[in-house]
Asks: 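I have a structure here, written as structure tokens, and I will follow up with some questions on it.
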Amino acid sequence: MRQIGSLLVFFGIFAIVLDFLNRVPTLLIWIYNWGDGVAWGIKIALVVVGGALWLMGSPSSEEAGEE
């Protein structure tokens, strides 16, 4: 779960940064069909859902051994 969450957060932040540079990731070009407001909502949702998945994910065996 943590890997999926990390990936979602990465893509969300990556899309937000590229939006400020007036670039659109090819993978996320479809979100602009509904306008900028919806596109921002989807990008923010990627970061929030990814962060939630990362927090809810069980720690890996390496992290469990350190505690």
Side-chain angles (χ1 to χ4, degrees):
M1 291 291 266
R2 282 186 168 217
Q3 291 176 345
I4 295 171
S6 298
L7 191 63
L8 287 176
V9 169
F10 172 75
F11 277 124
I13 292 173
F14 183 65
I16 290 170
V17 169
L18 286 181
D19 187 43
F20 285 122
L21 299 173
N22 291 326
R23 303 281 184 219
V24 178
T26 307
L27 183 64
L28 297 175
I29 201 161
W30 60 271
I31 65 175
Y32 289 93
N33 289 338
W34 297 295
D36 273 346
V38 175
W40 272 101
I42 292 172
K43 290 184 279 190
I44 291 170
L46 278 173
V47 174
V48 170
V49 170
L53 285 174
W54 187 83
L55 287 174
M56 291 186 327
S58 61
S60 66
S61 59
E62 293 175 2
E63 292 175 358
E66 293 175 0
E67 291 179 1

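The basis for the numbers below is simple: all heavy atoms, side chains too, and nothing from hydrogens, waters or symmetry mates. Predicted, not measured: the structure shown is a model, and the values here were computed from it.
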Asks: Just to verify, what does F14 make a ring-ring contact (aromatic ring centres under 6.0 Å, His included) with, not counting sequence neighbours?
Replies: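 With neighbours one apart ignored, the set is F10.
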
Asks: For the CG atom of L21 and the CD1 atom of I16, what is their distance to the nearest 0.5 Å?
Replies: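 Here the rounded value is 12.5 Å.
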
Asks: Quick check on I4: does its CD1 atom have over 12 non-hydrogen neighbours (other residues, nucleotides or ligands) under 6.0 Å away?
Replies: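 No, the 6.0 Å shell around CD1 holds no more than 12 heavy atoms from other groups.
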
Asks: Grab the two heavy atoms, one from G57 and one from R2, that are nearest each other, plus how far apart they are.
Replies: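 Scanning both residues completely, I find the closest heavy atoms to be O-NE, 3.4 Å.
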
Asks: Taking all heavy atoms of V47 and all of I13, pick out the closest pair and write down the distance.
Replies: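 Shortest heavy-atom contact: CG2-N, 3.8 Å.
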
Asks: So how far is it from I31 CD1 to D19 CG, rounded to the nearest 0.5 Å?
Replies: 8.0 Å

Asks: Check whether any side-chain heavy atom of V9 sits under 4.5 Å from a side-chain heavy atom of W54, and report yes or no.
Replies: no

